[in-house]
Number of protein chains: 2
Amino acid sequence: MKRTSLAGDSCPVARALDVFGDWWSLLIIRDASLGRRRFGEFQAGLGLAKNILASRLRTLVEHGILKTVPASDGSAYQEYVLTPKGHGIFPILVALRQWSEEFDDHPEEIATILVDREKGKPVRKLALFSQDGRLLNEADITLKQRPEAKRARASA
Amino acid sequence: MKRTSLAGDSCPVARALDVFGDWWSLLIIRDASLGRRRFGEFQAGLGLAKNILASRLRTLVEHGILKTVPASDGSAYQEYVLTPKGHGIFPILVALRQWSEEFDDHPEEIATILVDREKGKPVRKLALFSQDGRLLNEADITLKQRPEAKRARASA
DNA sequence: CTTGTGTAGTTGCAATATTAAACCAGATGC
DNA sequence: GCATCTGGTTTAATATTGCAACTACACAAG
């Protein structure tokens, strides 16, 4: 009766959700990407229970999204920072943000906007392009079975 | 002691997660975007308990992501289809997929690839551009306080 | 070195959510 | 009309979440 795991699923969306698809993980990752590093910072900023936070940090570290490093202030504590795999989640956060900006019923409650650091102007919407540079929308794409070949069989 | 709601949060990421950030909603939306419409299709395809599915469908309809329509086969049953707000989640699904494709520890278990329908070639990675067309990455952006930010609690 | 305070958790318990399975009503098919 | 299919709801067991209390160690002051 455990919560059903999506780990072995063949769908990459499900596989991603299996790693950080719970109620808090993406918010922890968001805070990490904003520079929060310490257990107490996450706990105070998110307002979640400490046992839940400890559990989430543990699994995010296990999955290689966060790693622990010695505290940057020279103390004996540790800090949690994003790995490259964790930084790879950034586009997902942007996509979530842009969906709320476009479709939220109360957009006036949104406090911040994403701007490019150089010019201070809002960014464009994330866009999907074909290999030859055409702009694609949902109707222009389809799923194809992955060619099973690829990896050299038996790396012997 | 209820599961803490993120609905009133000022962060657009949290607001999006409040709507479809649970264990099953995004998978239901994924299936809907692949053309699944019937309760039984979702239930069989996802393998989740029927009461959970019923509950999720109800809240997704309440949030305006799905709507019910008369069955397309002329029967007296109803079907669930994505609204424009629901179709707007598509880039999030793409971002999740691309993260798994790039960072999953067992990418050989991923069954499908996303191709453009016209040429049948894999799509490019989602990309974020500035208003004047420069390609941006995580380090090139920053958050700015929204000018007319109204009341709200908590973080960025 | 002793006391006090802050940080980072763990533990125990109550409340809530998820699951699986049984049940049920209306629609469909024969 | 009767059996079956579809789309749920109900019930009971189990798992997860949230909260509060507790602990262990770090650090700072005296």
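Residue numbering restarts at 1 for every chain, and letters A, B, ... go by the order of the sequence lines.
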Whole angstrom value for the distance that separates P of C/dA27 from CG of B/D73: 14 Å

Ionic contact status for B/R37 with B/E79, cut-off 4.0 Å: yes

Sugar-phosphate only, base, or nothing, as touched by A/A76 at under 4.0 Å among non-hydrogen atoms: sugar-phosphate

Residues B/D105, A/K85: salt bridge by 4.0 Å N-O rule: yes

Candidates D/dG8, C/dG9, D/dG18 - which lies nearest the side chain of B/A54: D/dG8

Upstream residue (5' side of DNA chain C) when A/E41 and B/G47 are each assigned their closest nucleotide: A/E41

Any B/R58 side-chain nitrogen or oxygen under 4.0 Å from OP1 or OP2 of D/dT9: yes

Lys/Arg-Asp/Glu bridge criterion (N-O < 4.0 Å) met for B/R38, B/D73: yes

Of the listed nucleotides D/dG8, C/dA8, C/dT10, the one nearest the side chain of B/F39: D/dG8

Phosphate OP1/OP2 of D/dA24: any A/Y77 side-chain N/O under 4.0 Å: no

A/D22 CG to C/dA17 C1', straight-line distance once rounded to whole Å: 14 Å

Heavy-atom side-chain proximity of A/I141 to A/S130 below 4.5 angstrom: no

Distance below 4.0 Å between B/T4 side-chain N/O and D/dG18 OP1 or OP2: yes

Nearest-angstrom distance from the residue atom CG of A/L48 to P of C/dT10: 13 Å

Residue whose closest nucleotide on DNA chain D lies nearer the 5' end, B/Q78 versus A/G74: B/Q78

Length of the line joining B/L27:CG and C/dT18:P, which is rounded to integer Å: 14 Å

A/N51 or B/W24, whichever maps to the more 5' nucleotide of DNA chain C: A/N51

Integer-rounded Å distance: C/dT16 C1' and A/I52 CD1: 12 Å

Value in whole Å for how far the P atom of C/dA20 lies from CG of B/L46: 13 Å

Residue met sooner reading DNA chain D from 5', once A/S75 and B/R38 are mapped to nucleotides: B/R38

Candidate nucleotides D/dG8, C/dT10, C/dT19, ranked by approach to the side chain of A/K50 - the nearest: C/dT10

A/R56 side-chain N/O to D/dT17 phosphate OP1/OP2 under 4.0 Å: yes

Below 4.0 Å: OP1/OP2 of C/dT18 and any side-chain N or O of A/W23: no

No-hydrogen, no-angle side-chain donor-acceptor test under 3.5 Å, B/R97 and B/T112: yes

Touch class at under 4.0 angstrom, heavy-atom based, for B/Y80 against every strand present: sugar-phosphate

C/dT19 phosphate, OP1 or OP2, under 4.0 Å from A/R3 side-chain N/O: no

Distance in angstrom units between B/I28 CD1 and D/dG8 P, rounded: 12 Å

Sugar-phosphate only, base, or nothing, as touched by B/Q43 at under 4.0 Å among non-hydrogen atoms: nothing

4.5 Å side-chain heavy-atom contact, A/L143 and B/L34: yes

